[in-house]
Amino acid sequence: MAYQSFYNFSKTSFVRGIQCRKLLYLDKYKKQFKTPPDAETLARFQSGRDFEAAFKAKFVNGQDVKTVYKYPSLACVQYTRNLLSQPGEVVLFEANIFYSDILVLTDVLRKNADGTIDIFEVKHSEKVNSAIEWDLPIQYYVCKNALGQIRTFNLVNRKEVAEFEFVITDMKAACEARLPEVEAHLDEFRAILQGPEPDVAMGEQCNSPYKCDFQEYCYRSMR
(Lines give C-alpha, C1' and ligand atoms only; values in the text may rest on other atoms or scores of the structure.)
Protein backbone atom coordinates (compact mmCIF):
# COMPACT_ATOMS: atom_id res chain seq x y z
CA MET A 1 0.00 0.00 0.00
CA ALA A 2 1.47 3.33 -1.04
CA TYR A 3 0.82 6.43 0.99
CA GLN A 4 0.77 9.89 -0.47
CA SER A 5 4.19 11.28 -1.13
CA PHE A 6 4.87 13.06 2.13
CA TYR A 7 1.79 13.04 4.37
CA ASN A 8 -0.78 10.51 5.55
CA PHE A 9 -3.42 12.75 7.09
CA SER A 10 -5.15 16.05 6.47
CA LYS A 11 -7.95 17.76 8.36
CA THR A 12 -10.44 16.20 5.99
CA SER A 13 -9.13 12.65 6.26
CA PHE A 14 -8.96 12.88 10.05
CA VAL A 15 -12.58 14.04 10.26
CA ARG A 16 -13.61 11.28 7.86
CA GLY A 17 -11.93 8.77 10.13
CA ILE A 18 -13.99 10.05 13.04
CA GLN A 19 -17.18 9.67 10.99
CA CYS A 20 -16.35 6.14 9.83
CA ARG A 21 -13.17 4.08 9.92
CA LYS A 22 -14.05 2.48 6.59
CA LEU A 23 -14.52 5.92 5.04
CA LEU A 24 -10.99 6.82 6.14
CA TYR A 25 -9.63 3.71 4.43
CA LEU A 26 -11.64 4.05 1.22
CA ASP A 27 -10.77 7.71 0.83
CA LYS A 28 -7.09 6.80 1.05
CA TYR A 29 -7.00 3.76 -1.21
CA LYS A 30 -10.16 3.58 -3.31
CA LYS A 31 -10.95 7.13 -4.36
CA GLN A 32 -12.06 5.88 -7.78
CA PHE A 33 -15.23 4.48 -6.20
CA LYS A 34 -16.46 7.86 -4.93
CA THR A 35 -19.83 9.08 -6.10
CA PRO A 36 -19.48 12.59 -7.58
CA PRO A 37 -21.15 15.34 -5.51
CA ASP A 38 -24.67 16.32 -6.53
CA ALA A 39 -25.80 19.85 -7.42
CA GLU A 40 -26.93 20.61 -3.88
CA THR A 41 -23.56 19.63 -2.44
CA LEU A 42 -21.67 21.66 -5.05
CA ALA A 43 -23.83 24.69 -4.22
CA ARG A 44 -23.03 24.23 -0.52
CA PHE A 45 -19.32 24.09 -1.32
CA GLN A 46 -19.57 27.30 -3.36
CA SER A 47 -21.40 29.10 -0.55
CA GLY A 48 -18.61 28.09 1.80
CA ARG A 49 -15.94 29.37 -0.59
CA ASP A 50 -17.78 32.69 -1.00
CA PHE A 51 -18.08 33.10 2.76
CA GLU A 52 -14.40 32.32 3.25
CA ALA A 53 -13.38 34.77 0.51
CA ALA A 54 -15.42 37.52 2.14
CA PHE A 55 -13.62 36.99 5.45
CA LYS A 56 -10.19 36.87 3.81
CA ALA A 57 -10.93 40.19 2.12
CA LYS A 58 -10.64 41.80 5.56
CA PHE A 59 -6.89 41.10 5.48
CA VAL A 60 -5.63 43.49 2.82
CA ASN A 61 -2.00 42.30 2.98
CA GLY A 62 -2.72 38.58 2.93
CA GLN A 63 -0.54 36.33 0.75
CA ASP A 64 -2.16 33.25 -0.77
CA VAL A 65 0.32 30.38 -0.63
CA LYS A 66 -1.50 28.22 -3.15
CA THR A 67 -1.13 30.80 -5.90
CA VAL A 68 2.68 30.51 -5.82
CA TYR A 69 3.23 26.74 -5.82
CA LYS A 70 1.09 23.77 -6.73
CA TYR A 71 -0.36 22.53 -3.48
CA PRO A 72 -0.29 20.57 -1.34
CA SER A 73 3.44 20.05 -1.74
CA LEU A 74 6.68 20.21 0.16
CA ALA A 75 7.44 23.37 -1.80
CA CYS A 76 4.34 24.96 -0.27
CA VAL A 77 5.41 23.82 3.19
CA GLN A 78 8.86 25.35 2.77
CA TYR A 79 7.45 28.52 1.21
CA THR A 80 5.15 28.90 4.21
CA ARG A 81 8.10 28.51 6.59
CA ASN A 82 10.11 31.08 4.66
CA LEU A 83 7.30 33.65 4.80
CA LEU A 84 6.77 33.10 8.52
CA SER A 85 10.47 33.64 9.18
CA GLN A 86 10.23 37.20 7.89
CA PRO A 87 10.21 39.97 10.51
CA GLY A 88 7.04 41.88 11.32
CA GLU A 89 3.44 40.95 10.67
CA VAL A 90 2.75 38.31 8.03
CA VAL A 91 -0.72 37.20 6.92
CA LEU A 92 -1.06 33.98 4.94
CA PHE A 93 -4.00 32.30 3.25
CA GLU A 94 -3.83 28.51 2.87
CA ALA A 95 -0.55 28.25 4.79
CA ASN A 96 0.77 24.67 4.49
CA ILE A 97 1.66 23.47 7.98
CA PHE A 98 3.27 20.04 8.31
CA TYR A 99 3.98 18.01 11.45
CA SER A 100 4.77 14.31 11.80
CA ASP A 101 2.73 12.77 8.95
CA ILE A 102 -0.07 15.37 8.94
CA LEU A 103 -0.59 18.34 6.63
CA VAL A 104 -3.11 21.08 7.33
CA LEU A 105 -3.93 24.19 5.34
CA THR A 106 -5.02 27.13 7.48
CA ASP A 107 -7.65 29.48 6.08
CA VAL A 108 -6.00 32.56 7.60
CA LEU A 109 -2.78 32.61 9.60
CA ARG A 110 -1.44 35.86 11.01
CA LYS A 111 2.03 36.06 12.52
CA ASN A 112 2.14 39.15 14.67
CA ALA A 113 5.10 41.48 15.10
CA ASP A 114 5.96 39.83 18.44
CA GLY A 115 6.11 36.38 16.83
CA THR A 116 2.81 35.11 18.23
CA ILE A 117 0.30 33.55 15.87
CA ASP A 118 -3.44 33.94 15.37
CA ILE A 119 -5.26 31.37 13.25
CA PHE A 120 -8.75 31.69 11.79
CA GLU A 121 -10.67 28.66 10.54
CA VAL A 122 -13.69 29.77 8.48
CA LYS A 123 -16.87 27.67 8.42
CA HIS A 124 -20.05 28.68 6.60
CA SER A 125 -22.32 27.48 9.38
CA GLU A 126 -24.26 28.90 12.27
CA LYS A 127 -23.51 26.07 14.68
CA VAL A 128 -20.62 23.79 15.53
CA ASN A 129 -21.36 20.27 14.27
CA SER A 130 -19.39 17.12 15.07
CA ALA A 131 -17.16 17.58 12.02
CA ILE A 132 -16.07 21.05 13.14
CA GLU A 133 -15.56 19.73 16.68
CA TRP A 134 -12.76 17.53 15.29
CA ASP A 135 -11.58 19.69 12.39
CA LEU A 136 -10.38 22.36 14.80
CA PRO A 137 -8.44 20.15 17.26
CA ILE A 138 -6.48 18.30 14.56
CA GLN A 139 -5.51 21.60 12.98
CA TYR A 140 -4.55 23.04 16.36
CA TYR A 141 -2.49 19.93 17.14
CA VAL A 142 -0.43 20.35 13.99
CA CYS A 143 -0.04 24.12 14.30
CA LYS A 144 0.94 23.99 17.97
CA ASN A 145 3.62 21.37 17.36
CA ALA A 146 4.93 22.88 14.13
CA LEU A 147 4.75 26.57 15.01
CA GLY A 148 4.38 27.12 18.74
CA GLN A 149 3.37 30.50 20.19
CA ILE A 150 -0.29 30.15 19.18
CA ARG A 151 -1.97 33.20 20.73
CA THR A 152 -5.50 32.54 19.52
CA PHE A 153 -7.10 29.77 17.51
CA ASN A 154 -10.36 31.08 16.15
CA LEU A 155 -13.48 29.63 14.63
CA VAL A 156 -15.16 32.03 12.22
CA ASN A 157 -18.76 31.16 11.44
CA ARG A 158 -21.73 33.13 10.26
CA LYS A 159 -24.23 34.99 12.33
CA GLU A 160 -27.69 33.52 12.27
CA VAL A 161 -29.74 34.94 9.38
CA ALA A 162 -27.03 37.41 8.30
CA GLU A 163 -25.09 35.84 5.41
CA PHE A 164 -21.84 37.80 5.64
CA GLU A 165 -21.66 38.76 9.31
CA PHE A 166 -18.84 36.90 11.04
CA VAL A 167 -18.82 35.47 14.53
CA ILE A 168 -15.27 34.91 15.81
CA THR A 169 -14.73 32.59 18.78
CA ASP A 170 -11.35 31.71 20.28
CA MET A 171 -11.34 27.89 20.52
CA LYS A 172 -7.78 27.47 21.77
CA ALA A 173 -8.71 26.18 25.24
CA ALA A 174 -11.27 23.74 23.86
CA CYS A 175 -8.76 22.41 21.32
CA GLU A 176 -6.03 22.10 23.92
CA ALA A 177 -8.32 19.93 26.05
CA ARG A 178 -8.85 17.48 23.17
CA LEU A 179 -5.19 16.89 22.30
CA PRO A 180 -4.97 13.52 24.10
CA GLU A 181 -7.99 12.31 22.10
CA VAL A 182 -6.44 13.57 18.87
CA GLU A 183 -3.25 11.60 19.52
CA ALA A 184 -5.23 8.45 20.40
CA HIS A 185 -7.25 8.69 17.20
CA LEU A 186 -4.12 9.22 15.11
CA ASP A 187 -2.57 6.06 16.53
CA GLU A 188 -5.76 4.14 15.74
CA PHE A 189 -6.04 5.57 12.23
CA ARG A 190 -2.43 4.76 11.37
CA ALA A 191 -3.07 1.14 12.34
CA ILE A 192 -6.23 1.04 10.21
CA LEU A 193 -4.40 2.32 7.15
CA GLN A 194 -1.77 -0.39 7.56
CA GLY A 195 -4.36 -3.16 7.66
CA PRO A 196 -7.11 -4.59 5.46
CA GLU A 197 -10.27 -2.69 4.55
CA PRO A 198 -12.37 -2.35 7.72
CA ASP A 199 -15.63 -4.29 7.84
CA VAL A 200 -18.16 -1.66 8.87
CA ALA A 201 -21.90 -2.09 8.35
CA MET A 202 -23.85 0.76 6.81
CA GLY A 203 -25.71 2.84 9.36
CA GLU A 204 -26.31 6.33 10.73
CA GLN A 205 -22.69 7.27 10.16
CA CYS A 206 -23.29 7.13 6.40
CA ASN A 207 -25.12 10.47 6.57
CA SER A 208 -23.77 12.14 9.70
CA PRO A 209 -22.35 14.70 9.87
CA TYR A 210 -22.12 14.55 6.06
CA LYS A 211 -23.34 12.17 3.39
CA CYS A 212 -20.57 9.69 2.62
CA ASP A 213 -19.22 9.64 -0.93
CA PHE A 214 -18.85 5.85 -0.85
CA GLN A 215 -22.42 4.80 -0.08
CA GLU A 216 -22.93 3.20 -3.48
CA TYR A 217 -19.68 1.26 -3.11
CA CYS A 218 -20.68 -0.05 0.32
CA TYR A 219 -24.20 -0.88 -0.82
CA ARG A 220 -22.90 -2.91 -3.77
CA SER A 221 -20.44 -4.77 -1.56
CA MET A 222 -23.29 -5.84 0.73
CA ARG A 223 -25.27 -7.50 -2.07
Side-chain angles (χ1 to χ4, degrees), residues 2-17 27-28 45 48-124 131-132 134-157 166 168-176 178-179 182-183 185-186 189-190:
Y3 286 141
Q4 298 183 53
S5 57
F6 72 100
Y7 69 98
N8 292 335
F9 298 100
S10 64
K11 292 185 296 182
T12 300
S13 63
F14 183 86
V15 171
R16 284 175 175 162
D27 191 58
K28 174 68 75 171
F45 289 163
R49 287 191 291 268
D50 292 344
F51 184 76
E52 182 180 322
F55 181 74
K56 288 177 175 177
K58 293 178 172 290
F59 298 85
V60 294
N61 296 319
Q63 302 177 69
D64 194 336
V65 172
K66 72 177 185 292
T67 63
V68 179
Y69 290 100
K70 183 178 180 180
Y71 82 107
S73 67
L74 283 172
C76 278
V77 173
Q78 188 58 53
Y79 182 62
T80 296
R81 290 172 179 164
N82 291 343
L83 291 174
L84 292 177
S85 68
Q86 296 176 0
E89 181 178 289
V90 176
V91 176
L92 302 180
F93 304 145
E94 307 303 321
N96 283 227
I97 311 300
F98 182 60
Y99 172 73
S100 182
D101 57 348
I102 315 158
L103 177 73
V104 300
L105 277 60
T106 62
D107 291 335
V108 180
L109 185 155
R110 181 177 64 207
K111 180 182 75 72
N112 304 298
D114 62 358
T116 60
I117 291 173
D118 297 312
I119 293 172
F120 302 86
E121 177 66 14
V122 186
K123 300 294 184 185
H124 185 239
I132 297 174
W134 285 108
D135 181 298
L136 297 176
I138 183 62
Q139 184 175 175
Y140 176 75
Y141 172 80
V142 173
C143 291
K144 177 182 178 180
N145 282 287
L147 303 174
Q149 301 189 76
I150 306 297
R151 185 175 71 172
T152 63
F153 192 87
N154 303 282
L155 169 64
V156 181
N157 56 355
F166 306 102
I168 302 175
T169 307
D170 186 358
M171 302 293 290
K172 179 179 176 180
C175 290
E176 184 73 30
R178 302 202 82 163
L179 292 184
V182 168
E183 292 183 331
H185 282 308
L186 285 169
F189 294 167
R190 290 182 181 111

**OP:** Determine the sole option in Leu103, Val142, Asp101 for which the side-chain contact (heavy atoms from CB on, under 4.5 Å) test with Phe9 is passed.
**Re:**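 Considering Leu103, Val142, Asp101, a side-chain contact (heavy atoms from CB on, under 4.5 Å) with Phe9 is found only for Asp101.
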Original post:
Is a donor on one side and an acceptor on the other found under 3.5 Å between the side chain of Lys28 and the backbone of Asn8?
Top reply: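 Flag set: sc Lys28 to bb Asn8 pair under 3.5 Å.
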Subject >> Under 3.5 Å: donor-acceptor pair, side chain of Asp107, backbone of Val122 >> reply: yes
Original post:
In chain order, what residues pass the ring-ring contact (aromatic ring centres under 6.0 Å, His included) check against Tyr99, with sequence neighbours excluded?
Top reply: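 Only Tyr141 meet the ring-ring contact (aromatic ring centres under 6.0 Å, His included) criterion with Tyr99.
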Original post:
Can you name the ring-ring contact (aromatic ring centres under 6.0 Å, His included) partners of His185, sequence neighbours left out?
Top reply: Trp134, Phe189
**OP:** May I have the step-by-step check of side chain to side chain contact (heavy atoms under 4.5 Å, CB included) for Gln63 and Val68, ending in yes or no?
**Re:** CA-CA 9 Å; Gln63 302 177 69; Val68 179; over 6 Å; no
Report the residues that fulfil side chain to side chain donor-acceptor pair (under 3.5 Å) with [X], sequence neighbours left out, ordered by chain and then residue number.
X: Arg110; answer: Asn112, Asp118
X: Asn154; answer: Thr152
X: Asn61; answer: none

With heavy-atom distances below 4.5 Å as the criterion, would you say the side chains of [X] and [Y] are in contact?
X: Ile102; Y: Leu186; answer: yes
X: Thr80; Y: Leu109; answer: no
X: Ile117; Y: Cys143; answer: no
X: Lys58; Y: Phe166; answer: yes

Subject >> Residues that Ala53 engages under side chain to side chain contact (heavy atoms under 4.5 Å, CB included), provided they are two or more places apart >> reply: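 Ala53 satisfies side chain to side chain contact (heavy atoms under 4.5 Å, CB included) with no other residue.
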Subject >> Qualifying residues under side chain to side chain contact (heavy atoms under 4.5 Å, CB included), relative to Ser100, sequence neighbours excluded >> reply: Arg190
**OP:** Assign the ring pair Phe120 / Phe59 to parallel, tilted or perpendicular, where the plane angle (0 to 90°) is split at 30° and 60°.
**Re:**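 Rings of Phe120 and Phe59: tilted, 30 to 60°.
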Check salt bridge (charged side-chain N to carboxylate O under 4.0 Å, His left out) between [X] and all other residues, then give those that pass, not counting sequence neighbours.
X: Glu121; answer: Lys11, Lys123
X: Asp64; answer: Lys66
X: Arg81; answer: none
X: Lys144; answer: Glu176

Original post:
Shortest non-hydrogen contact from Val65 to Glu94?
Top reply: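 Closest approach of Val65 to Glu94, heavy atoms only: CB-O, 3.5 Å.
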Original post:
So which heavy atom on Leu179 is nearest to which on Pro137, and how close?
Top reply: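 Looking at all heavy atoms of both residues, the closest pair is CD2-O, 4.3 Å.
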Subject >> Chi angles and distances behind the side chain to side chain contact (heavy atoms under 4.5 Å, CB included) call for Leu92, Thr106 >> reply: CA-CA 8 Å; Leu92 302 180; Thr106 62; 5.9 Å; no
Separation between [atom1] of [X] and [atom2] of [Y], rounded to the nearest 0.5 Å:
X: Thr169; Y: Phe153; atom1: OG1; atom2: CZ; value: 12.5 Å
X: Ser10; Y: Leu105; atom1: OG; atom2: CG; value: 9.0 Å
X: Asp170; Y: Ile119; atom1: CG; atom2: CD1; value: 11.0 Å
X: Ile97; Y: Leu147; atom1: CD1; atom2: CG; value: 4.5 Å
X: Ile132; Y: Met171; atom1: CD1; atom2: CE; value: 9.0 Å
X: Lys172; Y: Arg151; atom1: NZ; atom2: CZ; value: 10.0 Å

Original post:
With sequence neighbours left out, which residue pairs that include part of residues 75-97 fulfil the ring pair (Phe, Tyr, Trp, His ring centres under 6.0 Å) condition?
Top reply: Tyr69-Tyr79
